[in-house]
Protein chains: 2
Amino acid sequence: MSKKKITIQDIAGTASVSKSTVSRVLNGTTPVAEDKRLAVMEAMKALDYKPNVFARSLAGGKTMTIGIVTENIGSPFYDSVTQGVMKGLNSTEYTPIIADGQWQPKLERIAISTLVDRQVDGLVMVGGLLDSEALDEFRQETPIVIVARSLPGWENESITIDNLAAAKSATNHLIENRHREIAHIMGDQTHQDAKDRYQGYKAAMREANLPLSDHLFVQGNFESQSGVNAIETLLRREKPFTAIFAANDQMAIGARLALYRANIRVPQDVSIIGFDNQSESAYSTPPLTTVNQPAADMGVAASRMLIGKITNKPVEIPTFSAELILRESVARID
Amino acid sequence: MSKKKITIQDIAGTASVSKSTVSRVLNGTTPVAEDKRLAVMEAMKALDYKPNVFARSLAGGKTMTIGIVTENIGSPFYDSVTQGVMKGLNSTEYTPIIADGQWQPKLERIAISTLVDRQVDGLVMVGGLLDSEALDEFRQETPIVIVARSLPGWENESITIDNLAAAKSATNHLIENRHREIAHIMGDQTHQDAKDRYQGYKAAMREANLPLSDHLFVQGNFESQSGVNAIETLLRREKPFTAIFAANDQMAIGARLALYRANIRVPQDVSIIGFDNQSESAYSTPPLTTVNQPAADMGVAASRMLIGKITNKPVEIPTFSAELILRESVARID
DNA sequence: CAGGCGTTACGTAACGTTTTCGCAAGGAAT
DNA sequence: ATTCCTTGCGAAAACGTTACGTAACGCCTG
């Protein structure tokens with residue numbers, strides 16, 4: 001459609017003012033006489049003027065872009081968080097640019113560098129592995145907010161839930177249903193979340209005076225297959241268990257499949273509870289009882305928090321809490 | 001760390017050459033004497049020089065960014081495709097910037113505009129709804145490639161599989177297992193893919209001389225819940241069916257849940273076949289027989305194709321074909 | 001030996017903004 | 001009436017690159 005790129009100069013011409021004035025009405029930095037302002041506005045509309053993002057960034061220093069660092073292993077939970085971040089940015093002037101860390105510290109570092117080189121105005125980390133010092137280094141260049149990961153020293157720039165408490169209440173739900181031999185499929189222990197959930201599980205067991213036997217723990221890695229393997233391990237141990245608390249839904253669903261293959265009914269023989277409430281869990285057979293993390297909302301909050309930091313405006317951030325979603329994978333023992 | 005931004009000028013200084021020469025070794029546009037080239041390289045290393053992306057874009061016209069238009073309804077299949085596109089970009093100099101159309105033509109248009117205003121060097125549409133003419137308009141501004149959607153007139157700039165053939169072979173698999181009353185849960189008919197899969201189903205039935213009764217079709221919308229509803233509808237009709245071909249895995253899984261609730265066994269009483277092979281499907285109970293679309297690979301191919309168009313270099317693009325993944329949700333009738 | 005032609009390097013003009021500076025014009029204060 | 005602030009606006013200088021035109025040099029050609 002538009003033959004030539006039309007610039008601020010062109011509209012300055014047709015509105016017969018100077019470039020500077022046009023820039024001023026554009027940014028509202030200095031008051032401009034009403035008639036000129038209108039003339040400018042009109043010219044902009046008439047010529048369908050679109051400011052050149054790059055010239056603007058070069059001259060002004062702000063790029064109106066936000067970097068998002070993801071860990072693209074295709075985990076539904078983190079995907080939801082990422083989408084939340086983008087959704088939060090949608091109503092703003094900022095555009096997201098994404099780089100992927102793939103849960104590898106080295107790549108994560110490169111991802112952040114790429115983004116910083118692109119002079120993003122801010123950075124949101126969706127999960128991540130880099131330690132506090134590594135991030136501090138980048139923090140000097142640009143504001144950073146972390147979501148879906150708890151990192152000591154970053155309490156004021158991160159959005160998380162209390163994983164320990166949530167895991168505890170999930171375990172308690174099992175205990176209230178009279179389960180005593182409750183197995184736990186642990187997540188990758190390099191993630192703080194996994195550790196917290198494990199601690200929450202132990203706390204609940206301890207408070208209920210239930211034994212914390214070694215044969216009830218199985219190491220998983222947050223992926224479905226590790227849930228399958230976990231059940232196979234558990235079965236091989238030949239120690240009784242009536243319930244399973246998995247550190248995320250993917251492993252819970254893997255576990256459910258392994259039980260199906262072993263001809264063990266859920267929930268009649270064994271109950272399962274997951275974590276994350278990823279959307280597929282509502283449609284498993286039976287629908288999975290799980291702990292809901294408001295993933296998308298957390299993402300939105302993260303973007304708001306970041307923009308607050310960039311613009312130096314205070315933003316009130318809600319505290320997020322996990323919530324037990326009761327479905328059909330837990331049965332009461334009698 | 002770095003106090004000041006160091007520019008091409010600085011390194012020109014320490015290498016005692018002119019800015020232009022530095023730019024030349026940077027871009028390799030014109031040969032440069034070996035000694036100077038080395039001096040420049042050394043200076044760049046020493047000062048840890050990072051070119052300013054924005055100045056570069058302003059002066060040179062190319063922004064080294066690729067726009068990705070997604071339809072963020074959180075569908076695992078499209079998510080995989082998007083991740084594939086980003087993965088393909090990973091090994092290049094290009095950085096992805098994302099905007100979301102949310103399966104709404106109006107928003108999709110805005111998304112594309114945002115990206116075009118940001119002067120992306122090219123655009124990848126992951127799915128999408130806008131018609132050919134609307135896209136043609138944008139195509140004048142920037143190269144566009146479409147992935148996971150077949151659009152007439154765009155055969156040379158899109159990556160898809162033959163949905164009709166794939167659906168036909170899925171249906172045939174059911175027929176070969178002696179099913180005769182095969183129901184079809186249709187996808188949203190505004191998507192060409194859904195239409196093609198429907199046609200493929202019909203073709204298979206016709207060729208096998210099986211009746212195409214109205215009571216075997218149910219309209220869905222690609223989401224899990226519509227799979228649940230579809231089964232309820234089917235059951236209410238009280239006409240026999242022994243197998244279901246769902247237009248995607250999400251609906252297949254919804255259907256499986258509804259059957260579970262109705263105490264109908266899968267696959268003993270009713271067989272199910274899905275479409276997409278989203279990762280969760282391997283862990284459903286029973287694991288779902290489905291049609292695999294190489295989503296991530298298609299995404300990678302799309303990014304390659306786009307970069308080929310941008311740089312005017314021919315790229316050979318593999319043709320992608322669907323493949324039936326045999327798992328445990330289909331039983332033979334005897 | 002002059003003229004022509006590559007090759008290699010440099011200076012400088014864009015690129016489209018924002019921002020600093022300074023200068024008028026006008027009103028208030030002395 | 002003179003001086004002194006405002007207020008509104010234009011000119012011009014950044015911002016960090018790339019690209020274009022051109023000059024210097026050495027070498028080949030006639």
Q: Look at all strands and tell whether A:Thr21 reaches a base, only sugar-phosphate, or nothing, counting heavy atoms closer than 4.0 Å.
A: sugar-phosphate
Q. Are any of the side-chain nitrogens in A:Glu34 or A:Arg37 under 4.0 Å away from the carboxylate oxygens of its partner?
A. yes
Q: Measure from CG on B:Asn27 to P on D:dA19 and round the result to the nearest Å.
A: 7 Å
Q: Scan A:Lys36 against the nucleic acid and name what it touches under 4.0 Å (heavy atoms): base, sugar-phosphate only, or nothing.
A: sugar-phosphate
Q) According to the interplanar angle, ranging from 0 to 90°, do the rings of B:Phe222 and B:His191 count as parallel (below 30°), tilted (30 to 60°) or perpendicular (above 60°)? A) perpendicular
(Q) Looking only at the side chain of B:Ala33 (C-beta and beyond, no hydrogens), which of the listed nucleotides D:dG8, D:dC9, C:dT8 gets closest? (A) C:dT8
Q: Would you mind reading off the distance between B:Arg56 atom CZ and D:dT18 atom P, rounded to a whole angstrom?
A: 5 Å
Q | Nearest-nucleotide pick for A:Val32, side chain only, options being D:dA13, D:dC9, C:dG16 | A | D:dC9
Q.
Return whichever of B:Ala59 or B:Arg24 has its heavy-atom-nearest nucleotide of DNA chain C closer to the 5' end.
A. B:Arg24
Q) Rounded to the nearest Å, what distance is computed from the CD1 atom of residue B:Ile8 to the C1' atom of nucleotide C:dT12? A) 14 Å
(Q) Which nucleotide wins on minimum distance to the side chain of A:Ala55, given the candidates D:dC9, C:dT17, D:dG8? (A) C:dT17
Q.
Is it true that A:Thr29 and A:Asn27 share a donor-acceptor pair across their side chains at a distance under 3.5 Å?
A. no
Q) Which whole-number value in Å describes the distance from A:Glu34 CD to D:dC9 C1'? A) 16 Å
Q. Do A:Ser23 and A:Ser20 have side-chain atoms, one donor and one acceptor, less than 3.5 Å apart?
A. no
Q. Starting at CZ of A:Arg37 and ending at P of D:dT7, how long is that distance when rounded to a whole Å?
A. 18 Å
Q: Using a 4.0 Å heavy-atom cut-off across all strands, classify A:Ser23 as base, sugar-phosphate, or nothing.
A: base
Q. Given C:dT17, C:dT8, D:dT17, which nucleotide is nearest the side-chain atoms of A:Thr7?
A. C:dT17
Q: Spell out yes or no: do the side chain of B:Thr29 and the base of D:dA19 have one donor N/O and one acceptor N/O closer than 3.5 Å?
A: no
Q: Using a 4.5 Å cut-off on heavy atoms from C-beta on, say whether the side chain of A:Val124 contacts that of A:Ile66.
A: yes
Q: Using side chain to side chain contact (heavy atoms under 4.5 Å, CB included) as the criterion, point out the one residue from A:Thr65, A:Leu306, A:Thr63 that pairs with A:Asp121.
A: A:Thr63
(Q) Base of C:dG11, side chain of B:Ser18 - is there a donor-acceptor contact under 3.5 Å? (A) no
Q. Nearest-Å distance, NZ (A:Lys5) to P (C:dT17)?
A. 10 Å
Q. Bend across the helix from C:dC1-D:dG30 to C:dT30-D:dA1, to 10°, with axes taken over 5 pairs at each end?
A. 50°
Q. Where the side chain of B:Leu58 is defined as all heavy atoms beyond and including C-beta, which of D:dC9, C:dG16, D:dA19 is the nearest nucleotide?
A. C:dG16
Q | Short side-chain donor-acceptor distance under 3.5 Å, A:Thr160 and A:Arg149 | A | no
Q) What do you reckon, are the aromatic ring centroids of B:Tyr78 and B:Trp103 less than 6.0 Å apart? A) yes
(Q) In whole Å, I'd like the distance from the CG atom of B:Asn52 to the P atom of C:dT17. (A) 17 Å
Q. Please give, in whole Å, the distance from C:dT17 P to A:Lys50 NZ?
A. 13 Å
